[in-house]
Amino acid sequence: MSLSVPRRLAAVAALAVGGLIAATAPSALAAPTAPAAPTAVTAAPTPPDIPLANVKAHLTQLQTIATNNGGNRAHGRAGYKASIDYVKAKLDAAGFTTTLQTFTSSGATGYNLIADWPGGDPDSVLMAGAHLDSVSSGAGINDNGSGSAAVLETALAVSRAQLQPTKHLRFGWWGAEELGLIGSKYYVNNLPAAERAKFSGYLNFDMIGSPNPGYFVYDDDAAIEQTFKTYFSGIGVPTEIETEGDGRSDHASFKNVGIPVGGLFTGASRTKTAAQAQKWGGTSGQAFDRCYHSSCDNTSNINDTALDRNSDAVAYAIWNLGAATPVPPGKSFENTADVNIPDSPGAAVTSPVTASDVPGNAPATTKVDVNIVHTYRGDLVVDLVAPDGTVYNLHNRSGGSADNLVASYTVNASAEVANGVWKLQVKDVAAQDVGYINSWKITF
Ligand code: TRP
Ligand code: ZN
Ligand code: CA
């Protein structure tokens, strides 16, 4: 105890210095007395944990809309337009610039809703979307209230964070997907070629809360696919490549005009195998979604865990791909060996890497990627230790009860010679929850 208190205070002080330097504060707040501390640490914006309760509240509203409008939210029916109005009102109130695009299909007016988050590079657009229409036989809560609600709540989280990403963020809700990707095709076909060229990627979310879920990642653009896989590996959930019908959702409209695409899916009418049930739980020999395109696709037709994980994955991808700047031609050193972190009160543990052939000092933008599996990241103090023993605090008990610490940090290590043994040091300072260093990497 007498040892750990000063340690913790020192770490808090180091973190506070990092925060001050990192902040793009107005000049009144830019302290002229800012100390030239050696511990300038800037955490990359951490993706939020999307509240499952918020996502489910949107599903409840979509269910009510269906119930009040003949039981569905299908193209051309009152329940579809009411769904659009619900989503649009939330986005308008959160500061998005919304556009309602109309088209005609099967003699009825259809609607796409587009929401732009002001700011970012107008020549580099990252878009996420979901179809908002159901089939006429039911409320379409998994297909595709789930994707619609997760994308909506991620957009609202962008607003809550007042995120200032490098890229321009755009969100879309498509009409008449169930009639053959009509709305998204209309949107893409009406984009001038110069506008299409500005897309860095389109992320599609169609059925992400299936009641007997699988965790499927679209096998399209490699960087998008890897982003989702990194998220799921960080929470210890195995994924498979999506194979239940490539091109069966709105990403196909974007892919057809050369836009990089990716997305997530928890399965439709295909049957879960024994091997899949082994790794994901659930029921083998049963469809991922027995209510696919049926009247029972209501609010009971959702697996909360799958919806929660996939919603967090949407935000993880928007935060990471939206902030992504070109990867510098850095040299990386990684240690992927697991190191057990003993529960408090236990000693700090370290995982070493040996940097070699890096000329001179480490850069001011030395990047440290940390992947720690733990059941309570608020227990952890995580430091980078330079070859000469200088300690740079990366994480000091933030994040509360959230699982795992999967994060990227930028450290001003310019006072350090790059070559030598660098260590990730982790100490658990609160009893009960435990975990291990899964991997970490330093990039100069
Ligand atoms: N909305 C799609 C459909 O009705 C659902 C679907 C089936 C899907 N297979 C898919 C979505 C594969 C994404 C990927 O056809
Ligand atoms: Zn669908
Ligand atoms: Ca603990």
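In listed order, ligands and their atoms are each counted from 1.
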Protein residue, atom and distance nearest to atom 1 (N) of ligand 1, heavy-atom basis: D206 OD2, 2.7 Å

Considering only the protein, which heavy-atom contact is closest to atom 9 (N) of ligand 1, and what is its distance? E244 O, 2.9 Å

Per-atom contacts of ligand 1 with H293, taking only distances under 4.0 Å to non-hydrogen atoms: 4 (O)

Is the Y187 to W174 ring centre distance short of 6.0 Å? yes

Please state whether the rings of F254 and Y202 are parallel, tilted or perpendicular, taking 30° and 60° as the class boundaries. parallel

Looking at D206, the N, O or S atom sitting nearest the Zn ion (ligand 2) is OD1

Check: S269 main-chain N/O paired with E244 side-chain donor or acceptor under 3.5 Å: yes

Would you say the ring centroid of W173 lies under 6.0 angstrom from that of Y86? no

N, O or S atom within D143 nearest to the Zn ion (ligand 2), by name: OD1

Atoms in ligand 1 flagged as close to D143, the criterion being non-hydrogen separation under 4.0 Å: 1 (N), 4 (O)

Report the relative orientation of the aromatic rings in W117 and F96; use parallel for angles under 30°, tilted for 30 to 60°, perpendicular for over 60°. tilted

For ligand 1, is any non-hydrogen atom under 4.0 Å from N204's backbone (N, CA, C, O), its side chain (CB onward), both, or neither? neither

Distance filter under 4.0 Å to S249 heavy atoms, resulting ligand 1 atoms: 11 (C), 13 (C)

Under a 4.0 angstrom heavy-atom cut-off, which atoms of ligand 1 come close to G245? 12 (C)

Out of the N/O/S atoms in H131, what is the name of the one closest to the Zn ion (ligand 2)? NE2

Give a yes or no on whether the backbone of A306 and the side-chain of N310 come within a donor-acceptor separation of less than 3.5 Å. yes

Closest heavy-atom contact between S311 and T154? O-OG1, 4.0 Å

Atom indices of ligand 1 within 4.0 angstrom of E177 heavy atoms, with elements: 1 (N), 2 (C)

N, O or S of E177 under 2.8 Å from the Zn ion (ligand 2): no

Protein heavy atom at shortest distance from atom 6 (C) of ligand 1: F265 CE1, 3.9 Å

Could you identify the single nearest non-hydrogen protein atom to atom 5 (C) of ligand 1 and state the distance to 0.1 Å? M207 SD, 3.5 Å

Any N/O of H251 closer than 3.5 Å to an N/O of ligand 1? no

How far is atom 4 (O) of ligand 1 from its nearest protein heavy atom, and which residue and atom name does that atom have? Y292 OH, 2.6 Å

Parallel, tilted or perpendicular: which one describes the rings of F216 and F265, with boundaries at 30° and 60°? tilted

Please state which protein non-hydrogen atom is closest to atom 13 (C) of ligand 1 and give its distance, to 0.1 Å? Y218 OH, 3.6 Å

Please check this pair: side chain of E153 against backbone of A155, looking for a donor-acceptor N/O pair closer than 3.5 Å. no

Electrostatic pair K167-D121, nearest N-O below 4.0 angstrom: no

Using modelled atom types only, decide if a donor and an acceptor are shared between the side chain of N142 and the backbone of G209 within a distance under 3.5 Å. yes

Mark up the atoms of ligand 1 that fall under 4.0 Å of a heavy atom belonging to H131, in ascending order. 1 (N)

